[in-house]
Amino acid sequence: MRLIVVGSGIVGAACAYTASGLGAQVTLVDAAEPGQATAAGAGIICPWTASVEDPHWYEFACAAARHYPLLIAALAELGEGDVSYRQVGALLLADDQDRLEQARQRLHDRRAATPEIGDVRLLTGAEAQDLFPPLRPAQAAVHIAGAARVDGRRLAAALVRAACRNGATARTGTARLASRTSHGHGGHGSHGSHGSHGSRITGVKVDGDLIEADAVVAAAGAWTAQLLEPAGVTVQVVPQRGQIAHIGLGPADTSRWPVVLPSASGHYLLAFDDSRVVAGATREAGSGFDPRVTPAGLAEVLTNALTVAPGLGAGTHLETRVGLRPVGPDARPLLGPAGDGLVVATGLGASGLTMGPYAGAIAARAALRLPVDIDLAPFDPLR
Ligand SMILES: Cc1cc2nc3c(=O)[nH]c(=O)nc-3n(C[C@H](O)[C@H](O)[C@H](O)COP(=O)(O)OP(=O)(O)OC[C@H]3O[C@@H](n4cnc5c(N)ncnc54)[C@H](O)[C@@H]3O)c2cc1C
(Lines give C-alpha, C1' and ligand atoms only; values in the text may rest on other atoms or scores of the structure.)
Protein backbone atom coordinates (compact mmCIF):
# COMPACT_ATOMS: atom_id res chain seq x y z
CA MET A 1 0.00 0.00 0.00
CA ARG A 2 1.28 3.48 -0.87
CA LEU A 3 0.98 6.01 1.93
CA ILE A 4 1.86 9.70 1.99
CA VAL A 5 2.45 11.34 5.36
CA VAL A 6 2.33 15.15 5.34
CA GLY A 7 4.41 16.63 8.16
CA SER A 8 7.47 15.17 9.82
CA GLY A 9 7.01 16.51 13.32
CA ILE A 10 6.67 13.91 16.03
CA VAL A 11 3.27 12.74 14.76
CA GLY A 12 4.19 12.35 11.11
CA ALA A 13 7.60 10.86 11.92
CA ALA A 14 5.99 8.25 14.18
CA CYS A 15 3.33 7.55 11.58
CA ALA A 16 5.94 7.03 8.84
CA TYR A 17 7.99 4.81 11.14
CA THR A 18 5.00 2.61 12.05
CA ALA A 19 3.55 2.40 8.54
CA SER A 20 6.90 1.56 6.94
CA GLY A 21 7.45 -1.09 9.61
CA LEU A 22 4.09 -2.58 8.64
CA GLY A 23 5.25 -2.88 5.03
CA ALA A 24 3.67 0.24 3.51
CA GLN A 25 5.49 2.18 0.81
CA VAL A 26 5.75 5.54 2.59
CA THR A 27 6.54 9.01 1.31
CA LEU A 28 7.04 11.58 4.09
CA VAL A 29 6.75 15.21 2.99
CA ASP A 30 7.69 18.18 5.15
CA ALA A 31 7.59 21.87 4.28
CA ALA A 32 10.24 22.82 6.89
CA GLU A 33 7.93 25.55 8.19
CA PRO A 34 9.53 27.83 10.79
CA GLY A 35 7.83 27.17 14.13
CA GLN A 36 7.57 23.38 13.99
CA ALA A 37 6.27 22.49 17.48
CA THR A 38 8.31 19.31 17.77
CA ALA A 39 11.59 21.18 17.37
CA ALA A 40 10.70 23.57 20.21
CA GLY A 41 8.79 21.31 22.60
CA ALA A 42 10.07 20.82 26.12
CA GLY A 43 9.48 17.08 26.12
CA ILE A 44 7.89 16.41 29.50
CA ILE A 45 6.03 13.10 29.69
CA CYS A 46 3.93 13.24 32.84
CA PRO A 47 0.23 13.23 31.94
CA TRP A 48 -0.91 12.13 35.40
CA THR A 49 -0.57 15.63 36.90
CA ALA A 50 -2.45 17.42 34.12
CA SER A 51 -5.43 19.55 35.04
CA VAL A 52 -7.40 18.36 31.99
CA GLU A 53 -10.58 16.71 33.28
CA ASP A 54 -11.61 14.94 30.06
CA PRO A 55 -11.42 11.16 30.65
CA HIS A 56 -10.90 10.45 26.93
CA TRP A 57 -7.89 12.76 26.95
CA TYR A 58 -6.53 11.24 30.13
CA GLU A 59 -6.84 7.64 28.94
CA PHE A 60 -5.24 8.50 25.64
CA ALA A 61 -2.37 10.39 27.29
CA CYS A 62 -1.74 7.56 29.75
CA ALA A 63 -1.71 5.00 26.96
CA ALA A 64 0.74 7.23 25.11
CA ALA A 65 3.06 7.46 28.10
CA ARG A 66 2.89 3.67 28.44
CA HIS A 67 3.76 3.32 24.74
CA TYR A 68 7.06 5.22 25.15
CA PRO A 69 9.33 2.59 26.74
CA LEU A 70 8.24 0.06 24.10
CA LEU A 71 9.01 2.49 21.30
CA ILE A 72 12.37 3.44 22.78
CA ALA A 73 13.33 -0.24 23.11
CA ALA A 74 12.26 -0.93 19.51
CA LEU A 75 14.30 2.02 18.24
CA ALA A 76 17.33 0.87 20.24
CA GLU A 77 17.13 -2.49 18.51
CA LEU A 78 17.26 -0.65 15.19
CA GLY A 79 20.44 1.17 16.25
CA GLU A 80 18.70 4.36 17.43
CA GLY A 81 19.83 3.92 21.01
CA ASP A 82 20.22 7.52 22.07
CA VAL A 83 17.08 9.56 21.54
CA SER A 84 17.40 11.41 24.87
CA TYR A 85 14.39 9.71 26.48
CA ARG A 86 14.94 9.20 30.19
CA GLN A 87 12.69 8.52 33.17
CA VAL A 88 14.17 11.22 35.39
CA GLY A 89 11.10 11.64 37.61
CA ALA A 90 9.32 14.90 38.37
CA LEU A 91 9.03 17.26 41.31
CA LEU A 92 5.55 18.68 41.71
CA LEU A 93 5.63 21.89 43.72
CA ALA A 94 2.74 23.58 45.54
CA ASP A 95 2.20 26.67 47.67
CA ASP A 96 1.54 24.83 50.90
CA GLN A 97 1.87 21.46 52.53
CA ASP A 98 -1.87 20.70 52.37
CA ARG A 99 -1.93 21.07 48.60
CA LEU A 100 1.15 18.91 48.30
CA GLU A 101 -0.48 16.20 50.36
CA GLN A 102 -3.66 16.43 48.24
CA ALA A 103 -1.58 16.10 45.07
CA ARG A 104 0.31 13.14 46.50
CA GLN A 105 -2.94 11.42 47.43
CA ARG A 106 -4.50 12.03 44.01
CA LEU A 107 -1.44 10.60 42.25
CA HIS A 108 -1.33 7.70 44.63
CA ASP A 109 -5.00 6.92 43.85
CA ARG A 110 -4.35 7.18 40.12
CA ARG A 111 -1.56 4.62 40.38
CA ALA A 112 -4.02 1.75 40.66
CA ALA A 113 -5.07 2.25 37.03
CA THR A 114 -1.74 3.61 35.78
CA PRO A 115 1.12 1.93 37.64
CA GLU A 116 3.63 3.59 35.30
CA ILE A 117 3.28 6.70 37.51
CA GLY A 118 5.81 4.90 39.68
CA ASP A 119 6.55 5.69 43.31
CA VAL A 120 4.95 8.88 44.61
CA ARG A 121 6.28 10.44 47.80
CA LEU A 122 6.68 13.72 49.62
CA LEU A 123 10.15 15.26 49.71
CA THR A 124 11.48 17.92 52.06
CA GLY A 125 12.94 21.08 50.59
CA ALA A 126 16.44 19.78 51.16
CA GLU A 127 15.67 16.49 49.41
CA ALA A 128 14.12 18.33 46.46
CA GLN A 129 17.13 20.62 46.17
CA ASP A 130 19.46 17.64 46.21
CA LEU A 131 17.74 16.42 43.06
CA PHE A 132 17.50 19.84 41.36
CA PRO A 133 20.16 22.10 42.93
CA PRO A 134 19.06 25.50 41.49
CA LEU A 135 15.69 25.27 43.30
CA ARG A 136 14.98 27.83 45.99
CA PRO A 137 15.58 26.36 49.44
CA ALA A 138 12.81 24.93 51.61
CA GLN A 139 10.64 24.11 48.61
CA ALA A 140 8.96 20.81 49.51
CA ALA A 141 7.73 18.66 46.62
CA VAL A 142 5.93 15.51 45.55
CA HIS A 143 8.30 13.21 43.68
CA ILE A 144 6.79 11.20 40.79
CA ALA A 145 9.23 8.50 39.78
CA GLY A 146 7.66 7.53 36.44
CA ALA A 147 7.88 10.98 34.78
CA ALA A 148 10.18 11.20 31.79
CA ARG A 149 11.59 13.68 29.30
CA VAL A 150 12.61 13.50 25.67
CA ASP A 151 14.11 15.87 23.11
CA GLY A 152 11.50 16.02 20.36
CA ARG A 153 14.06 16.94 17.71
CA ARG A 154 16.17 13.91 18.38
CA LEU A 155 13.27 11.50 18.66
CA ALA A 156 11.59 12.72 15.47
CA ALA A 157 14.89 12.55 13.57
CA ALA A 158 15.48 8.99 14.81
CA LEU A 159 11.98 7.96 13.75
CA VAL A 160 12.51 9.41 10.27
CA ARG A 161 15.86 7.62 9.93
CA ALA A 162 14.27 4.35 11.05
CA ALA A 163 11.40 4.85 8.59
CA CYS A 164 13.87 5.47 5.77
CA ARG A 165 15.73 2.29 6.69
CA ASN A 166 12.36 0.55 6.32
CA GLY A 167 12.19 1.93 2.79
CA ALA A 168 10.34 5.22 3.33
CA THR A 169 11.28 8.27 1.24
CA ALA A 170 11.59 11.67 2.95
CA ARG A 171 11.09 14.75 0.84
CA THR A 172 11.17 18.48 1.56
CA GLY A 173 8.45 20.67 0.07
CA THR A 174 4.96 21.99 0.63
CA ALA A 175 2.32 19.35 -0.06
CA ARG A 176 -1.04 20.16 -1.58
CA LEU A 177 -3.74 17.53 -1.59
CA ALA A 178 -4.69 15.93 -4.87
CA SER A 179 -8.19 14.55 -5.23
CA ARG A 180 -10.46 12.93 -7.74
CA THR A 181 -14.24 13.26 -7.89
CA SER A 182 -16.48 10.26 -8.30
CA HIS A 183 -16.82 11.33 -11.97
CA GLY A 184 -13.13 10.54 -12.39
CA HIS A 185 -11.69 14.04 -12.82
CA GLY A 186 -8.20 14.57 -11.44
CA GLY A 187 -7.16 17.72 -9.65
CA HIS A 188 -5.56 19.05 -6.58
CA GLY A 189 -7.51 20.37 -3.73
CA SER A 190 -10.49 21.97 -5.42
CA HIS A 191 -13.16 19.33 -5.54
CA GLY A 192 -15.50 19.89 -2.65
CA SER A 193 -15.80 17.96 0.58
CA HIS A 194 -15.62 14.26 1.20
CA GLY A 195 -18.79 12.31 1.34
CA SER A 196 -21.09 15.10 0.20
CA HIS A 197 -19.27 15.66 -3.10
CA GLY A 198 -17.86 12.15 -3.38
CA SER A 199 -14.21 13.12 -3.88
CA ARG A 200 -11.31 10.93 -2.93
CA ILE A 201 -7.83 12.04 -1.88
CA THR A 202 -5.46 10.42 -4.33
CA GLY A 203 -2.11 11.84 -3.29
CA VAL A 204 -0.29 15.15 -3.03
CA LYS A 205 1.39 17.66 -5.28
CA VAL A 206 4.85 18.79 -4.18
CA ASP A 207 6.67 21.40 -6.24
CA GLY A 208 4.65 20.48 -9.29
CA ASP A 209 5.19 16.72 -8.92
CA LEU A 210 2.12 14.58 -8.39
CA ILE A 211 2.74 11.75 -5.93
CA GLU A 212 -0.10 9.27 -5.93
CA ALA A 213 -1.04 7.11 -2.98
CA ASP A 214 -3.76 4.87 -1.61
CA ALA A 215 -4.04 7.08 1.50
CA VAL A 216 -2.73 10.36 2.89
CA VAL A 217 -2.14 11.13 6.56
CA ALA A 218 -2.40 14.84 7.37
CA ALA A 219 0.00 15.34 10.27
CA ALA A 220 0.82 18.94 9.46
CA GLY A 221 0.49 20.25 13.03
CA ALA A 222 -0.84 23.79 13.30
CA TRP A 223 -0.89 23.99 9.48
CA THR A 224 -3.34 21.08 9.07
CA ALA A 225 -6.42 23.27 8.54
CA GLN A 226 -4.59 25.10 5.72
CA LEU A 227 -3.58 21.81 4.15
CA LEU A 228 -7.12 20.42 4.17
CA GLU A 229 -9.16 23.52 3.42
CA PRO A 230 -8.61 23.53 -0.39
CA ALA A 231 -9.98 19.96 -0.46
CA GLY A 232 -13.11 21.13 1.33
CA VAL A 233 -12.23 19.38 4.59
CA THR A 234 -12.59 21.59 7.66
CA VAL A 235 -10.72 20.83 10.87
CA GLN A 236 -10.64 23.11 13.90
CA VAL A 237 -6.94 23.49 14.60
CA VAL A 238 -5.07 26.73 15.23
CA PRO A 239 -1.52 27.68 16.22
CA GLN A 240 -0.66 28.57 19.81
CA ARG A 241 2.82 30.05 20.19
CA GLY A 242 5.14 28.72 22.85
CA GLN A 243 8.48 30.34 23.73
CA ILE A 244 10.96 28.35 25.78
CA ALA A 245 14.39 29.39 27.06
CA HIS A 246 17.48 27.17 27.20
CA ILE A 247 20.01 27.87 29.94
CA GLY A 248 23.52 26.41 30.10
CA LEU A 249 24.90 25.52 33.53
CA GLY A 250 28.57 25.05 32.70
CA PRO A 251 30.02 21.80 33.89
CA ALA A 252 27.03 20.70 36.02
CA ASP A 253 25.90 17.13 35.36
CA THR A 254 22.21 17.75 34.69
CA SER A 255 21.58 14.40 33.03
CA ARG A 256 19.45 12.97 35.83
CA TRP A 257 17.79 16.12 37.14
CA PRO A 258 14.02 15.70 37.42
CA VAL A 259 11.35 17.71 35.69
CA VAL A 260 10.07 20.55 37.92
CA LEU A 261 6.34 21.29 37.80
CA PRO A 262 5.29 24.32 39.87
CA SER A 263 1.56 23.74 40.03
CA ALA A 264 0.58 27.40 40.41
CA SER A 265 2.06 28.94 37.26
CA GLY A 266 1.79 26.24 34.61
CA HIS A 267 5.45 26.92 33.80
CA TYR A 268 8.08 24.23 34.27
CA LEU A 269 11.77 23.33 34.19
CA LEU A 270 13.55 20.27 32.90
CA ALA A 271 17.11 19.29 32.13
CA PHE A 272 18.99 17.48 29.39
CA ASP A 273 22.35 15.72 29.40
CA ASP A 274 24.47 18.61 28.12
CA SER A 275 24.39 20.81 31.26
CA ARG A 276 21.21 22.36 29.92
CA VAL A 277 18.07 23.43 31.72
CA VAL A 278 14.99 24.32 29.73
CA ALA A 279 12.51 26.85 31.11
CA GLY A 280 9.07 26.96 29.58
CA ALA A 281 6.83 28.08 28.29
CA THR A 282 4.43 30.73 27.06
CA ARG A 283 1.00 29.67 25.84
CA GLU A 284 -0.02 32.40 23.45
CA ALA A 285 -3.51 31.82 22.11
CA GLY A 286 -4.28 33.91 19.04
CA SER A 287 -0.61 34.15 18.08
CA GLY A 288 -1.23 33.13 14.48
CA PHE A 289 1.70 31.80 12.44
CA ASP A 290 4.25 34.11 14.01
CA PRO A 291 7.16 32.12 15.44
CA ARG A 292 9.13 34.99 16.98
CA VAL A 293 10.88 35.36 20.31
CA THR A 294 9.34 38.41 21.94
CA PRO A 295 10.75 40.39 24.86
CA ALA A 296 7.50 39.79 26.77
CA GLY A 297 7.62 36.06 26.15
CA LEU A 298 11.23 35.75 27.18
CA ALA A 299 10.62 37.85 30.29
CA GLU A 300 7.66 35.66 31.24
CA VAL A 301 9.53 32.36 31.06
CA LEU A 302 12.69 33.68 32.73
CA THR A 303 10.81 35.42 35.56
CA ASN A 304 8.87 32.26 36.33
CA ALA A 305 11.99 30.10 36.12
CA LEU A 306 14.03 32.33 38.43
CA THR A 307 11.23 32.56 40.97
CA VAL A 308 11.24 28.79 41.33
CA ALA A 309 14.94 28.19 40.77
CA PRO A 310 17.02 31.29 41.52
CA GLY A 311 20.16 29.20 41.06
CA LEU A 312 19.63 29.40 37.30
CA GLY A 313 20.36 33.13 37.36
CA ALA A 314 24.10 32.73 36.93
CA GLY A 315 23.78 30.35 33.98
CA THR A 316 24.15 31.21 30.30
CA HIS A 317 21.17 32.03 28.12
CA LEU A 318 21.87 29.66 25.20
CA GLU A 319 18.84 30.15 23.00
CA THR A 320 15.08 30.57 23.02
CA ARG A 321 13.06 28.21 20.87
CA VAL A 322 9.61 28.98 19.52
CA GLY A 323 7.01 26.50 18.40
CA LEU A 324 3.41 26.64 17.24
CA ARG A 325 1.34 24.08 19.12
CA PRO A 326 -1.54 22.61 17.11
CA VAL A 327 -4.57 23.33 19.28
CA GLY A 328 -7.97 21.83 18.54
CA PRO A 329 -11.48 22.72 19.71
CA ASP A 330 -10.91 20.86 23.00
CA ALA A 331 -8.05 18.97 24.63
CA ARG A 332 -8.54 15.74 22.69
CA PRO A 333 -6.45 14.86 19.64
CA LEU A 334 -8.00 15.14 16.20
CA LEU A 335 -7.33 11.63 15.04
CA GLY A 336 -8.91 9.30 12.54
CA PRO A 337 -10.43 9.09 9.07
CA ALA A 338 -11.67 12.36 7.59
CA GLY A 339 -12.83 11.15 4.22
CA ASP A 340 -11.99 8.79 1.45
CA GLY A 341 -8.23 8.19 1.43
CA LEU A 342 -7.58 10.70 4.20
CA VAL A 343 -6.60 10.31 7.86
CA VAL A 344 -5.99 13.31 10.14
CA ALA A 345 -3.58 13.22 13.09
CA THR A 346 -3.13 16.52 14.90
CA GLY A 347 -4.49 18.77 17.64
CA LEU A 348 -2.20 17.44 20.35
CA GLY A 349 -1.70 20.91 21.80
CA ALA A 350 0.59 21.14 24.82
CA SER A 351 0.94 17.35 25.14
CA GLY A 352 2.08 16.42 21.66
CA LEU A 353 5.48 15.10 22.59
CA THR A 354 3.75 12.82 25.09
CA MET A 355 0.99 11.69 22.75
CA GLY A 356 2.65 12.08 19.33
CA PRO A 357 4.35 8.69 18.98
CA TYR A 358 1.17 6.87 19.99
CA ALA A 359 -1.07 9.09 17.85
CA GLY A 360 1.23 8.61 14.86
CA ALA A 361 1.16 4.85 15.29
CA ILE A 362 -2.65 4.84 15.45
CA ALA A 363 -2.88 7.08 12.38
CA ALA A 364 -0.63 4.68 10.47
CA ARG A 365 -2.80 1.69 11.33
CA ALA A 366 -6.01 3.59 10.51
CA ALA A 367 -4.60 4.67 7.14
CA LEU A 368 -3.56 1.10 6.36
CA ARG A 369 -7.05 -0.05 7.42
CA LEU A 370 -5.68 -2.20 10.22
CA PRO A 371 -7.48 -2.51 13.57
CA VAL A 372 -6.58 0.05 16.23
CA ASP A 373 -6.74 -0.68 19.94
CA ILE A 374 -8.90 2.31 20.91
CA ASP A 375 -12.31 3.70 19.96
CA LEU A 376 -11.60 6.62 17.64
CA ALA A 377 -15.09 8.14 17.91
CA PRO A 378 -14.18 10.65 20.67
CA PHE A 379 -11.28 11.86 18.53
CA ASP A 380 -13.26 12.47 15.33
CA PRO A 381 -11.15 15.06 13.49
CA LEU A 382 -14.23 16.67 11.93
CA ARG A 383 -15.93 17.46 15.27
C1 LIG B 1 7.31 25.54 23.81
C2 LIG B 1 6.63 24.23 23.71
C3 LIG B 1 6.75 23.31 24.76
C4 LIG B 1 6.12 22.07 24.67
N5 LIG B 1 6.31 21.18 25.68
C6 LIG B 1 5.75 19.95 25.61
C7 LIG B 1 5.97 19.00 26.65
O8 LIG B 1 6.70 19.26 27.60
N9 LIG B 1 5.35 17.78 26.56
C10 LIG B 1 4.54 17.46 25.51
O11 LIG B 1 4.01 16.36 25.50
N12 LIG B 1 4.34 18.34 24.50
C13 LIG B 1 4.91 19.57 24.53
N14 LIG B 1 4.68 20.49 23.54
C15 LIG B 1 3.72 20.17 22.47
C16 LIG B 1 4.35 19.40 21.31
O17 LIG B 1 5.60 19.94 21.01
C18 LIG B 1 3.44 19.46 20.10
O19 LIG B 1 2.10 19.16 20.41
C20 LIG B 1 3.89 18.44 19.04
O21 LIG B 1 5.26 18.59 18.78
C22 LIG B 1 3.08 18.60 17.75
O23 LIG B 1 3.65 17.74 16.79
P24 LIG B 1 3.07 17.67 15.32
O25 LIG B 1 3.84 16.61 14.61
O26 LIG B 1 1.58 17.56 15.39
O27 LIG B 1 3.34 19.13 14.69
P28 LIG B 1 4.70 19.84 14.31
O29 LIG B 1 5.82 19.36 15.14
O30 LIG B 1 4.45 21.30 14.31
O31 LIG B 1 4.99 19.34 12.84
C32 LIG B 1 4.16 19.70 11.76
C33 LIG B 1 5.00 19.65 10.50
O34 LIG B 1 4.14 19.76 9.36
C35 LIG B 1 4.85 20.42 8.35
N36 LIG B 1 3.90 20.95 7.38
C37 LIG B 1 2.92 21.86 7.59
N38 LIG B 1 2.24 22.07 6.45
C39 LIG B 1 2.78 21.26 5.51
C40 LIG B 1 2.52 21.03 4.14
N41 LIG B 1 1.50 21.62 3.48
N42 LIG B 1 3.33 20.16 3.47
C43 LIG B 1 4.33 19.53 4.10
N44 LIG B 1 4.62 19.72 5.40
C45 LIG B 1 3.85 20.57 6.10
C46 LIG B 1 5.64 21.49 9.09
O47 LIG B 1 6.76 21.90 8.32
C48 LIG B 1 6.01 20.76 10.38
O49 LIG B 1 7.31 20.22 10.30
C50 LIG B 1 5.33 21.74 23.56
C51 LIG B 1 5.21 22.64 22.51
C52 LIG B 1 5.86 23.87 22.57
C53 LIG B 1 5.74 24.81 21.42
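First listed ligand is number 1; within each ligand, the first listed atom is number 1. Just so it is clear, the values below take in all heavy atoms, side chains as well, and ignore hydrogens, waters and symmetry mates. None of these values were measured; they are calculated from a predicted model.
- Considering backbone and side-chain N/O atoms, Thr346 never comes within less than 3.5 Å of an N/O atom of ligand 1.
- Remark: His317 engages Thr320 in a side-chain hydrogen bond (donor to acceptor under 3.5 Å, both in side chains) (not counting sequence neighbours).
- In terms of the side-chain hydrogen bond (donor to acceptor under 3.5 Å, both in side chains) criterion, Asp375 has no residue partners (sequence neighbours excluded).
- Looking only at protein heavy atoms, the nearest one to atom 41 (N) of ligand 1 is Ala175 O, 3.1 Å.
- Any N or O atom pair closer than 3.5 Å counts here, and Ala281 shares no such pair with ligand 1.
- The six-membered or imidazole ring of Phe60 lies near that of Tyr358, with a centre-to-centre distance under 6.0 Å.
- The distance criterion of under 3.5 Å between nitrogen or oxygen atoms is not met by Ala40 with respect to ligand 1.
- Looking only at protein heavy atoms, the nearest one to atom 13 (C) of ligand 1 is Ala350 O, 3.1 Å.
- Looking at atom 9 (N) of ligand 1, its nearest protein heavy atom turns out to be Ile44 O, 3.0 Å.
- Protein heavy atom in closest approach to atom 23 (O) of ligand 1: Thr38 OG1, 3.3 Å.
- The protein non-hydrogen atom at the shortest distance from atom 50 (C) of ligand 1 is Gly41 CA, 3.6 Å.
- Between Asp151 and Arg153 there is no salt bridge, since no side-chain nitrogen of the basic residue lies less than 4.0 Å from a carboxylate oxygen of the acidic one.
- Residue-to-ligand polar distances keep Ser8 apart from ligand 1: every N/O pair is separated by 3.5 Å or more.
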